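The structure displayed is predicted, hence computed values, not measured ones.
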Amino acid sequence: MLVFRSADVFCSQLGDVAQAATYFQRASATFLKTSWSYVHGEMLRIYAKCLKDLHRRDEYMRVMLSLLGKVIGHRMTKAVPRVRGPSAWLDEDTVDVTGVLEELVNFSEEMPYNFTASMSDFFANIDVSPEVTHHPDKDGFSLNIRVKHLLDEDLTIDRVRLRLTLISDASQDVILQTDGPVHLKRGVAKIQVHSNVTTYGHYLVDKLVLESRKLHFSHEFQPKPQTTPLGITNASASERRPSVSGPSLLIYPHGDSLEARVTLANEIHIDKIRSIVVAVATGRNKAKSVDLRLKSASAGLRLHTADAEIMDSDHKQLDTSQAGTLRLGAVESQTHVKIRVPYSTERSLDELTVKLEATYQTSQGTFAYLRTSAVSAALPLDVDVNDIFKSQALFSRFSIRTTNGIPLQITNVQVQESQAYGVRALPCPLPMIVFDKQPAGLTYKITRKEAEHAELDKKEASLALAVEYIRSDEAIFEKLGDMLEKAVATSPFVALRRLLVPTLLNRAKSHAPPQQLEQAVLLRELQIPSYESMGWERIVASLPSDTFQGLDDWLQEWHSVS
C-alpha cells in the first residue's frame with residue numbers, strides 16, 4: 001500500500017501527473033499479464049485518476065472499464081468461496097467498484113463521440129428469442145431479448161438496438177429498438193424491442209447495442225473475419241453473405257399487413273420493351289401516403305419508373321416524377337393496386353432481381369415493407385418455323401416446345417393477319433399440353449391479299465404470332481397455395497397465413513422437379529409433401545407456446561386430408 005500512497009501524493013501534490021500516468025501505464029501492463037489482485041485494481045484506479053486529471057478522456061474510459069471488467073471476470077471464474085486470511089489486501093473481492101459504472105455513464109457525456117465497450121464483459125447469457133410477436137393493430141413486429149446484468153449497480157439504458165441481417169442479402173437489414181428507457185438491476189432482465197418494418201425471410205441476429213448516454217455496450221453475434229498481418233481481410237471477395245454460425249430467425253408478416261410483390265407482366269412482345277408488375281395490397285392499413293422505391297439488383301437491368309402506369313385498379317393516383325420512386329398518395333385499406341413498370345437490359349438475363357421498399361404513413365406512424373424479388377425473365381417456350389412455298393400460298397408449320405422441361409398448356413395460338421396477307425389456321429385441337437419431348441405443331445395457310453394500296457411499309461405487311469399459355473408449375477403451386485389459404489382463413493391461425501403459405505410453396509417447389517410436374521400433369525394430381533418432409537416442426541417450434549401445439553395439430557390434420 002505504501003507504493004500507491006506515495007504515488008498518489010506524487011500525482012496529486014507535486015503535480016507531475018503525466019509522469020505518474022506513464023509509470024502506472026507501464027506497471028499495470030506488466031502486472032496484468034501475470035495475475036490480478038487488489039493491488040492491481042488500486043493501480044488501475046490511480047492510473048485512471050491521473051488520466052482524468054490530464055483530460056485524456058478516451059483512455060480514462062478505457063482503463064475504468066477494464067477495471068470493471070477485471071473485477072467481474074474474476075468474480076465469475078471463482079470456483080468456490082474462500083475464507084480471507086491475513087493477506088486480504090491481495091483478494092480481488094476487496095476491490096471496491098461501487099459507483100464506478102454510474103460515474104462512467106455520467107462522464108461519457110463529456111466525450112465528443114460515443115464510446116463503445118464490449119457487452120460480454122459486463123453482461124452474460126445474452127439471448128434473442130426466436131418468437132416473433134406481431135402488433136394487434138399495426139404492422140411491424142417485436143422480439144424479446146434476455147441478458148444477465150453482472151454488476152451490483154442499477155443501470156439505466158436509454159435505448160436498446162438490435163440489428164438483423166438477411167441471410168441471402170447482407171445489405172438488407174432490420175433495426176429493432178426499445179420504445180423508451182430500460183432500467184436494469186443485477187440479475188436476468190427481459191427486454192422487448194420493436195420494429196415498424198414488415199418483411200419475410202431468414203435473418204441472422206447480427207448486433208446488439210445497449211446505449212446509456214454516450215456509453216454503448218455492444219455485442220457482435222457473428223464472428224469477425226480474420227485479417228492478415230497486412231490488415232487484409234482473409235475472406236473470399238466473392239463472399240457477400242454473412243456467416244450463418246450465429247443465431248438466425250424466420251421473420252414473417254402479420255396476415256393482414258401491407259404486402260407488395262414483383263412479377264413479370266403477363267403480356268410479352270418479343271419486339272417491344274418488356275415490363276414487370278408491382279402489386280400492392282394495403283391490408284388493414286388506411287395509408288395517408290404510400291411510396292414505392294424500386295432498385296435493380298441485377299447487372300444491366302434498368303427500370304423505367306418514369307413510364308410506369310396503373311393497371312386495373314380503382315386507385316388512379318400515381319406520381320413518377322422522382323427517379324426510382326412511385327408515389328401512390330393516400331390509399332384506403334383493403335385496396336389492391338397493380339403498377340406496370342417497363343424495363344430494359346443491356347444483355348440477356350434469365351432472372352431479374354428487384355429490391356422493393358415501401359414506405360407508408362398511417363395514423364399510428366411511419367412503416368416500411370422490404371422485399372427482394374427474383375423474377376424469372378426467360379421465356380418458357382420456343383417456336384421453330386418450317387415454311388412450305390406453293391404457287392398460290394405459303395404453309396407455315398409452327399413447332400412450340402418447352403425450354404425448361406416443365407409442361408405448358410397452350411390455350412390459344414393465332415397468327416394475326418396484316419393488310420398484305422390473309423391467314424387461315426388448319427384444324428388443331430386447343431387447348432393442348434406441350435411436354436419436354438413432345439412439342440406442339442400447328443399449321444397456317446398464308447395468302448397474299450389483293451393490293452388495296454399501292455405501297456405498304458414493312459410494319460404494315462408483317463405477320464405476328466400470338467401464343468397464350470399457362471405454365472403448369474405456376475398453375476399447380478397457385479392451386480396448392482389457394483388450398484392452404486382457404487383452410488387457414490377459416491381456422492384460428494388466420495394471422496399466420498403469410499408465414500404458412502409461402503413456407504408451403506417454397507418447400508413444395510424444392511420437392512417438385514420437372515419430371516414430377518410432368519407426371520402431375522399427366523395424372524392430373526400432385527402428391528403434397530408430408531408434414532415431416534415439409535419441416536413444419538422446426539418452424540412451428542419458433543412460435544409462441546400458446547400457438548405451438550394447436551397449430552402443430554392443425555397442420556398434421558391438413559396434410560392428412562389434403
Side-chain angles (χ1 to χ4, degrees), residues 166-169 172 199-203 241 244 248 250-253 255 259-266 268 276-277 279 281 297-298 349-356 370-381 402-409 433-436 469-488 493 496-540 542 551 555-556 558-562:
L166 186 64
I167 292 180
S168 59
D169 182 6
Q172 180 173 312
T199 186
Y200 176 87
H202 289 272
Y203 282 77
R241 299 183 182 182
V244 294
S248 63
L250 175 59
I251 306 300
Y252 59 93
E259 182 179 14
R261 63 176 64 185
V262 178
T263 59
L264 198 66
N266 290 333
I268 300 175
I276 59 173
V277 175
S298 296
L349 295 176
D350 292 336
E351 186 176 77
L352 312 177
T353 304
V354 179
K355 290 185 177 181
L356 185 150
L370 303 178
R371 181 165 187 163
T372 300
S373 299
V375 181
S376 175
L379 287 176
L381 58 82
T402 177
T403 58
N404 54 14
I406 298 176
L408 297 173
Q409 182 181 25
I433 305 296
V434 178
F435 294 98
D436 185 26
Y469 62 90
I470 299 174
R471 289 183 52 157
S472 60
D473 56 340
E474 292 181 352
I476 289 172
F477 294 127
E478 182 180 357
K479 177 66 175 178
L480 181 59
D482 289 342
M483 288 173 57
L484 183 58
E485 185 97 33
K486 292 178 181 178
V488 172
F493 310 105
L496 299 175
R497 69 176 185 86
R498 298 265 296 277
L499 166 66
L500 301 178
V501 176
T503 301
L504 173 70
L505 296 180
N506 291 338
R507 302 291 175 87
K509 290 176 182 179
S510 65
H511 286 79
Q515 296 81 2
Q516 186 173 349
L517 292 175
E518 186 172 303
Q519 183 180 1
V521 172
L522 289 171
L523 301 178
R524 296 185 176 274
E525 65 178 18
L526 176 69
Q527 182 68 36
I528 299 177
S530 65
Y531 171 88
E532 292 75 17
S533 62
M534 284 292 298
W536 283 120
E537 185 174 355
R538 180 180 178 184
I539 294 174
V540 173
S542 66
L551 179 59
L555 284 171
Q556 292 194 46
W558 184 83
H559 275 271
S560 64
V561 300
S562 298

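Separating the CD atom in E518 from the CG atom in L523 is a distance of 10.5 Å, to the nearest 0.5 Å. With values rounded to the nearest 0.5 angstrom, I539 atom CD1 is found 11.5 Å from L496 atom CG.
Other residues, nucleotides and ligands place more than 12 heavy atoms under 6.0 Å from the CD atom of E485. Other residues, nucleotides and ligands place no more than 12 heavy atoms under 6.0 Å from the CD atom of Q519.
Annotation: side chain of L504 is in contact with side chain of W536 (closest heavy-atom distance under 4.5 Å). Using a 4.5 Å cut-off on side-chain heavy atoms (C-beta onward), L499 and F493 make no contact. When side chains are defined from C-beta on, D436 does not count as touching Q515, because their heavy atoms never get closer than 4.5 Å. Side chains of E478 and I470 form no contact here, defined as non-hydrogen atoms less than 4.5 Å apart. Looking at L522 and F435, their side chains come closer than 4.5 Å, going by heavy atoms from C-beta outward. Looking at heavy atoms from C-beta onward, R507 lies out of side-chain contact with P529 at the 4.5 angstrom threshold. Using a 4.5 Å heavy-atom threshold, the side chains of L526 and K479 count as separate. With contacts defined as side-chain heavy-atom distances shorter than 4.5 Å, the pair M534/L555 does not qualify.
A search for salt bridge (Lys or Arg N to Asp or Glu O under 4.0 Å) contacts involving E351 returns nothing, not counting sequence neighbours.
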Please report, to 0.1 Å, the donor-acceptor pairs under 3.5 Å made by any side chain of residues 372-381, with sequence neighbours excluded.
| residue | atom | partner | partner atom | Å |
| --- | --- | --- | --- | --- |
| T372 | OG1 | Q172 | OE1 | 3.1 |

